[in-house]
Protein chains: 2
Amino acid sequence: MAYPAELDSSASTGIAPAFSPLYQQIKGLMLKSLQAGEWKPGESIPSEVELAVRFRVSQGTVRKAIDELAAENLLMRRQGKGTFVATHAEQHVRYRFLKLIPDDGDPSSEGPAQRAFIDCKRLRAAADTARALGLRSGDPILQLRRVLSFANQPTILEDIWLPGGPFKGLTAERLSAYHGPMYALFETEFGVRMVRAQEKLRAVLPDPDQSALLKVAQNTPLLSVERIAFTYDDKAMELRRGLYRTDKHYYRNELN
Amino acid sequence: MAYPAELDSSASTGIAPAFSPLYQQIKGLMLKSLQAGEWKPGESIPSEVELAVRFRVSQGTVRKAIDELAAENLLMRRQGKGTFVATHAEQHVRYRFLKLIPDDGDPSSEGPAQRAFIDCKRLRAAADTARALGLRSGDPILQLRRVLSFANQPTILEDIWLPGGPFKGLTAERLSAYHGPMYALFETEFGVRMVRAQEKLRAVLPDPDQSALLKVAQNTPLLSVERIAFTYDDKAMELRRGLYRTDKHYYRNELN
DNA sequence: CAGTGGTCTAGACCACACT
DNA sequence: GTGTGGTCTAGACCACTGC
């Protein structure tokens with residue numbers, strides 16, 4: 001269990017010493033362990049004292065590294081139990097990235113979403129899709145389309161694009177068979193953990209296909225939500241275009 | 001400079017001891033100082049060592065309190081200079097709550113917004129407005145309407161409701177004369193600092209008035225953004241309904 | 001009880017800004 | 001140089017969990 005101890009001696013680089021605190025370097029090493037799958041979603045990581053020994057620093061320094069990773073929702077601390085790798089499979093963080101809330105404000109009032117997969121095909125990336133995912137035009141990708149219904153009303157229409165490589169073997173059947181958040185399945189089946197995402201929102205009108213699938217009139221304004229989701233290494237691993245009905249729901253955002 | 005030292009002795013309450021760490025209590029005291037205006041936006045607060053002496057705790061404990069306040073954007077730390085009360089008047093935090101970004105992604109490309117105040121009247125709060133602001137129906141409130149234009153194109157139509165009491169003396173003239181973010185004026189002129197806000201987003205169609213003011217067709221889908229903004233004590237101090245054009249801009253959101 | 005994370009302290013030293 | 005925030009350490013003790 002000896003460790004490379006590749007901590008920045010801050011010499012020999014010559015140009016741009018760029019002071020990096022110890023705890024940042026520890027954080028980087030821990031990120032590597034997460035990324036490499038040494039610590040898997042839902043599992044506990046070694047205790048603070050163990051890590052302090054391993055990295056040859058004080059417990060306080062390890063602590064500060066963990067603090068930051070916890071603040072970024074990569075780790076979860078539980079007093080008395082340990083520190084755990086965050087996961088999309090837990091009850092109370094499910095749908096962490098879904099900000100659409102029913103008007104009454106209680107997400108549990110309408111029960112879980114009903115999901116219907118309309119489509120799942122493999123094809124070659126178009127230019128814009130490729131760019132968004134950091135691929136090259138023509139690279140193999142996977143395209144999904146699904147409808148989410150709440151209280152038996154179609155509410156969300158989503159088109160999803162995934163890079164073909166990491167998601168080899170993903171089929172409509174496996175998606176339909178899986179109960180729980182899609183990102184939880186990505187974690188367990190493909191080792192892809194979505195860590196962070198950015199969304200671009202617009203108000204749009206649906207095209208005929210879309211209005212039919214959502215069962216709304218064509219002049220119904222809908223919320224367009226384009227999401228790019230990133231993994232540990234800040235690599236884009238999913239492009240998603242959602243169309244949200246907002247007559248009985250709203251998109252909630254907190255500003256700080 | 002003696003201090004009340006009203007730190008939780010954690011006795012005598014009887015029911016629910018509810019352990020509260022020292023740094024949380026310090027944080028609470030500092031919040032009071034902010035709220036009371038002892039430390040004003042833009043100014044520096046006492047140094048960590050001074051505060052440690054004042055509160056009779058170690059510097060590390062003060063530090064942790066400040067850390068949390070800084071994480072909530074109430075304070076700003078600047079190494080070598082000091083810790084400052086956050087403000088909406090600074091260049092690099094201007095429009096912190098405005099998430100509408102031009103399609104090219106560069107908020108500075110189109111220069112500052114042109115503002116035009118359409119309306120400013122005092123009236124009595126309707127039931128729903130009153131509830132949102134924590135007032136009673138009929139309480140005096142102030143209603144504003146303005147249009148923000150980017151690159152000479154009307155882009156945002158906003159209706160704003162403010163409680164009459166704290167904003168006594170606010171007029172259309174003062175608003176028009178002031179150059180800079182509206183929230184910065186609130187800070188300097190009325191001692192109201194907006195700290196946090198929540199927004200509800202929907203896709204809607206404009207009514208005739210709205211479409212005329214934004215110079216768009218009536219069947220143009222628009223992004224409706226309803227915001228409630230809060231001050232230090234988590235008291236709602238502003239209700240704002242915005243209509244955003246999203247043909248050349250998008251609403252950007254980061255998910256963590 | 002032992003093991004975990006959480007708090008608090010005191011002191012040394014570093015990086016940065018101003019003068 | 002002085003004063004500020006930032007890092008790192010070592011140790012003591014507290015709160016929570018589960019055996």
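One finds a salt bridge joining E48(A) and R77(A) here, because a Lys/Arg side-chain nitrogen approaches an Asp/Glu carboxylate oxygen to under 4.0 Å. Between K200(B) and E226(B) there is no salt bridge, since no side-chain N of the basic residue sits under 4.0 Å from a carboxylate O of the acidic one.
Pairing each heavy atom of F190(B) with each of P166(B), the nearest pair is CD2-O, 3.5 Å. The heavy-atom pair separating T231(B) from M237(B) by the smallest distance is CG2-CG, 3.4 Å.
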*asked:* Run Q114(B) and S149(B) through side-chain hydrogen bond (donor to acceptor under 3.5 Å, both in side chains) and show every step you take.
replied: CA-CA 5 Å; Q114(B) 298 99 50; S149(B) 299; 4.7 Å; no
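Scanning DNA chain C for stems, defined as runs of 3 or more consecutive Watson-Crick or G-U wobble pairs whose donor-acceptor distances all fall under 3.5 Å, gives the following ranges: C:1-18 with D:1-18.
Side-chain atoms of T87(A) never come within 3.5 Å of backbone atoms of E90(A) as a donor-acceptor pair (strictly under, hydrogens ignored). Under a 3.5 Å cut-off, the side chain of K64(A) and the backbone N or O of T61(A) do not form any donor-acceptor pair.
Using the six-membered ring where Trp is involved, F97(A) and H88(A) have ring planes that are perpendicular, over 60° apart on the 30 and 60° scheme.
By the 4.5 Å heavy-atom criterion applied to side chains, E238(B) and V192(B) are not counted as neighbours. Side chains of F84(B) and R78(B) form a contact here, defined as non-hydrogen atoms less than 4.5 Å apart.
Sequence order on DNA chain D of the closest nucleotides to T61(A) and V49(B) puts V49(B) first from the 5' end.
Within residues 69-80 of chain A, the residues that have a heavy atom under 4.0 Å from DNA chain C are, in order of number, R77(A), R78(A), Q79(A), G80(A).
Put simply, chain B comes within 4.0 Å of DNA chain C, heavy atom to any atom, from dT7(C) to dC18(C), going 5' to 3'.
Atom pair R63(B):CZ and dG5(D):P shows a separation of 8 Å (rounding to whole Å applied).
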